[in-house]
Amino acid sequence: MDREKARKKAEELVAQMTLEERASQLRYDAPPIRRLGIPAYNWWNEALHGVARAGQATVFPQAIGMAASFDTELVERIGDAVATEGRAKYNAWTGLNDRDIYKGLTFWAPNVNIFRDPRWGRGHETYGEDPYLTGRMGVAYVKGLQGDGETMKAAACAKHFAVHSGPEALRHEFDAQASKKDMEETYLPAFEALVKEAGVEAVMGAYNRTNGEPCCGSNTLIRDTLRGKWGFEGHFVSDCWALRDFHEHHMVTKTPRESAAMAINAGCDLNCGVTYLHILGAYEDGLVTEETITEAAVRLYTTRFLLGLFDGSEYDHISYDVIECKEHLALAKRAAAESFVLLKNDGILPLKKEGLKTIGVIGPNANSRAALIGNYHGTASDFVTVQEGLLRYLGDDVRVLTSVGCDLFRDRTEPIALENDRLAEAQIVAESSDVVILCLGLDETLEGEEGDTGNSYASGDKESLQLPKSQQCLLETAAQTGTPVILCMMAGSDLDLSYASGHCAAILQVWYPGGQGGSALAEILFGEQSPSGKLPVTFYETLEELPAFTDYTMKGRTYRYMEHKAQYPFGYGLTYGNCRVTEAKAADTRHILAKIQNDGVYATDDVLQVYVKKEDSAFDTPHPSLCAFRRVHLEPGEEKETTLEIPETAFQAVDDAGNRILAGTRYRFYVGFSQPDARSAELTGARPAEVELSIEK
């Protein structure tokens, strides 16, 4: 059903409602209208990396891990699998007239905010720090969720619009100040791509203000940009209880009625919260018109008709047995394997069973299910931890010794024990092993959302880049035994790896890899396949080099604007192969032809990346920016040619007034398996090929 037809049906149905009934439908927990045969519908559902908070589901890697794959085809397939499981659940639940929260088909995902500061606890919900990568991944996920059928398979939602990335503790009162250039160049492009390219059905506003206006009541963001400039036709939803902040924390209104009026008049159709209970009061006060209430209801019912919730759809036959089916579990395992980023390898990897007698598996995240899942997660029927994955993979061939080593952040594992009560055990295991797999990092209790799953002392944000003291002590103890240590860092963000870089034989960034994470990691460690992920965020040497957390200017932040050398750069990641670009040239002004070769002895995937520098533009970013990428596979010794399309935006720059302009006539493109910075060259021993291109204005 096309939108025009769905909207007409919505208009006809809404016209039969009283004003009170229309107003009642603007809540996330919309009640039934029995006289019209309309069932209740709860709009609130979550699916960042699988159907969430609704029982059994396939748990894919957290979004930051998906981003590390640089694999849009994979992400679109994941979106489709999530929508399939969502439909199966919806079909089963509505058959029992169960219409509770987390049981609808409107998924509040993906999160396409820019991960501009490594302290932000919710950064792992995003696709990283780069607007182009975020847009490509977000578009793919939305297309997968929504499908291309006669009816929409599920409705996706781009969140949180806009300029939202911490601090969590201040989000209800914070005003994020961003220049017009930063808005157009960094904070808005991914949202625009999801609206224009993917046809995302919903957009969610952020808690904070942006340049003085509450995001969920912003005429600039919602009316002028989203609906006006971009032509968005779907519905807009507030973040949960964000409208209450208008009068309680932002202090831009005095009453709930005024807050409700501000939001709906700006174009916020759906309230996650209770403030729209005051819509009729606002109407009585003359703050809202009947036409505005009607239009919001029509937009919401247009979505319900697009989903086929009244007329039926081709997805009504999807049965419950697709939940965690073999195909989806295999996809989750593949996604985990593609997400792992090999940061260091002194030659120890891949491991070989032959000659390996004992392996030590140590660390608080080694056998932790929480370290697999990130936040906004579903419930896998079989969470395969790193320890379990290795035990299953090795069987009786290799002896596995284990120790938790320490608590995730406390100074002891047993309340009445002495400090570091499991450290001696970890040392014994390490000294008794041929190699140690050390699993450190965080989980959603240490980095997450304020008031939800995050830590209490920083509202979900990190206070530093350091490991908890208990884990740092464990890392140093394991390294000092002399047994080779392979560090598997399970976290959704940048943690300081300076000690590990100097003392561990290998380092893998594992993120929160999902329910199949342990199985995928075992196969990577033992060379069943090669690691191939790339960092979607910069790993900094220190927080001191960054601006204040509350400073939303881009100067000094992310690989495009940073002023110091990265510990590990955006776009960096090793493989077991040795892929390089042997030649690159412009096929025409919009395509680059690259010849690539794997000089290594292992087959591998790798991510070919193209960065652009506008050489005669005063408005270009300080460093080259990503403008194209492609995941490729190369067998040992294989050579091949591939062509990458360069988007129109690669030739544009953003001036200080926020205008996109042609950025001059001379462009330099860097084509390789990393970005063209000195640190990447130092770590990889290779530099990208360069292509110069001149175009006429």
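Side-chain atoms are counted along with the backbone in the values below, which use heavy atoms only and exclude waters and symmetry mates. As the structure is a computational prediction, the values presented were derived from the model and not from experiment.
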Should the pair K153 and F107 be classed as cation-pi, given the thresholds of under 6.0 Å to the six-membered ring centre and 45° from the axis? no
Donor-acceptor under 3.5 Å (T542 side chain, E545 main chain): no
Under a 4.5 Å cut-off applied to non-hydrogen side-chain atoms, are Y568 and Q509 in contact? no
Could you check H172 against W241 for ring pair (Phe, Tyr, Trp, His ring centres under 6.0 Å), going step by step and ending with a plain yes or no? CA-CA 10 Å; H172 299 288; W241 278 261; over 10 Å; no
Which residue, H49, E449, E447, Q62, forms the side-chain hydrogen bond (donor to acceptor under 3.5 Å, both in side chains) with N375? Q62
Look at atom CG of D148 and say whether more than 12 heavy atoms of other residues, nucleotides or ligands are closer to it than 6.0 Å. no
Is it the case that atom NZ in K181 sees more than 12 heavy atoms from other parts of the structure closer than 6.0 Å? yes
What's the shortest heavy-atom distance between V139 and A193, and which atoms? CG2-O, 3.7 Å
Side-chain donor/acceptor of Y559 to backbone N/O of L626, under 3.5 Å: yes
If we ignore hydrogens and angles and just use 3.5 Å, is the side chain of D239 paired with the main-chain N or O of A242 as donor and acceptor? no
Should C216 and F161 be marked as a side chain to side chain contact (heavy atoms under 4.5 Å, CB included) after you check the CA-CA gap, both sets of side-chain angles, and the distance that decides it? CA-CA 8 Å; C216 293; F161 192 62; over 6 Å; no
Between Y667 and F651, does the ring centroid distance fall short of 6.0 Å? yes
Between H591 and T643, do the side chains contain a donor N or O and an acceptor N or O under 3.5 Å apart? no
For L300 and D269 the tightest heavy-atom approach is CD1-O, 3.7 Å
Does atom NZ (K180) have a neighbourhood of more than 12 heavy atoms from anything else shown, all under 6.0 Å? no
R304 and E201 ion-paired at < 4.0 Å: no
Quick one: are V654 and F619 in side-chain contact, heavy atoms under 4.5 Å? no
Are any side-chain N or O atoms of H249 and backbone N or O atoms of N208, one a donor and one an acceptor, separated by less than 3.5 Å? no
Between V298 and A10, the two heavy atoms sitting closest are O-CB, 3.6 Å
Decide whether N271 and S238 meet the rule of one side-chain donor and one side-chain acceptor closer than 3.5 Å. yes
Kindly give the heavy-atom pair with the smallest separation between I78 and M66, and that separation in Å. CD1-SD, 4.0 Å
Would the distance check show the side chain of N45 and the main-chain N or O of T106 forming a donor-acceptor pair, the cut-off being under 3.5 Å? no
Please report the C-alpha distance between E192 and W230 in whole Å, then the side-chain angles of each, then the deciding distance to 0.1 Å, and finally whether the side chain to side chain contact (heavy atoms under 4.5 Å, CB included) criterion is met. CA-CA 7 Å; E192 183 176 5; W230 299 345; 3.4 Å; yes
Do Q609 and C627 have side chains that approach each other closer than 4.5 Å (heavy atoms only, starting at C-beta)? no
Across all chains, not counting sequence neighbours, the salt bridge (charged side-chain N to carboxylate O under 4.0 Å, His left out) partners of R631 are D71, E338, D605
Report the residue from R136, K534, R630 that forms a side-chain contact (heavy atoms from CB on, under 4.5 Å) with F70. K534
Side-chain heavy atoms of L226 within contact of L221, under 4.5 Å: no
Would W120 and H164 count as a close aromatic pair, with their ring centres under 6.0 Å? yes
Judged by atom type as modelled, is there a donor-acceptor pair below 3.5 Å linking the side chain of Y301 to the main-chain atoms of A6? no
Testing the 3.5 Å rule here: is there a donor-acceptor pair between the side chains of D175 and Q177? yes
For the pair N265 (side chain) and A261 (backbone), establish whether a donor and an acceptor sit closer than 3.5 Å, ignoring hydrogens and angles. yes
State which residues pass side chain to side chain donor-acceptor pair (under 3.5 Å) with T253; sequence neighbours excluded, sorted by chain then number. S259
Test item: L608 and T642 side chains (from C-beta on) under 4.5 Å apart, heavy atoms: yes
With a 3.5 Å distance limit and no angle check, can you tell me whether R299 reaches the backbone of F236 through a side-chain donor-acceptor pair? no
Do D494 and T538 meet the criterion of a side-chain donor-acceptor pair at a distance under 3.5 Å? no
Heavy-atom nearest pair, A156 first then L145, reads CB-CD1, 3.8 Å
Quick check: are there more than 12 heavy atoms from other residues, nucleotides or ligands sitting under 6.0 Å from CD of E682? yes
Decide yes or no for R668 and Y670: does some side-chain heavy atom of the first lie under 4.5 Å from some side-chain heavy atom of the second? yes
Any residue meeting side chain to side chain contact (heavy atoms under 4.5 Å, CB included) with D677, in chain and number order, not counting sequence neighbours: P569, Q675, R679, S680
What are the two closest non-hydrogen atoms of G492 and F115, and how far apart are they? O-CE2, 3.8 Å
Do N211 and T220 have side-chain heavy atoms sitting under 4.5 Å apart? no
Do the side chain of R77 and the main chain of T72 share a donor and acceptor less than 3.5 angstrom apart? no
Are any side-chain N or O atoms of D620 and backbone N or O atoms of K614, one a donor and one an acceptor, separated by less than 3.5 Å? yes
Audit row: D117, R119, salt bridge (charged side-chain N to carboxylate O under 4.0 Å, His left out) steps and yes/no: CA-CA 5 Å; D117 191 297; R119 285 167 281 206; 2.8 Å; yes
Should the ring pair Y552 and Y187 be called parallel, tilted or perpendicular, given that the plane angle runs from 0 to 90° and is split at 30 and 60? tilted
Using the rule given for side chain to side chain contact (heavy atoms under 4.5 Å, CB included), can you reason through L306 versus R3, listing the C-alpha separation, both sets of side-chain angles and the distance that settles it, and then say yes or no? CA-CA 7 Å; L306 286 169; R3 181 169 296 278; 3.5 Å; yes
State the CG-CE distance between L74 and M137, to the nearest 0.5 angstrom. 8.0 Å
Under a plain distance cut-off of 3.5 Å, with no hydrogens placed, do R560 and H623 share a side-chain donor-acceptor pair? no
When you check the gap from the basic side-chain N to the acidic O, do E129 and R116 get nearer than 4.0 Å? no
Salt bridge or not between K254 and E258? Use side-chain N to carboxylate O under 4.0 Å. no
Once you round to the nearest 0.5 Å, how far does OG1 of T275 lie from CZ of R257? 13.0 Å
With side chains defined as the heavy atoms from C-beta onward, is the minimum distance between L662 and I695 less than 4.5 Å? yes
Hey, what do you get for OH (Y611) to OG1 (T621), rounding to the nearest 0.5 Å? 11.5 Å
Can you check whether Y28 and W43 have ring centres sitting under 6.0 Å from each other? no
Any chance the side chains of E450 and S459 put a donor and an acceptor closer than 3.5 Å? no
Show your reasoning for whether side chain to side chain contact (heavy atoms under 4.5 Å, CB included) applies to Y141 and Q146. CA-CA 9 Å; Y141 196 60; Q146 296 190 168; over 6 Å; no
Are E11 and R7 ion-paired here, with the side-chain N under 4.0 Å from a carboxylate O? yes
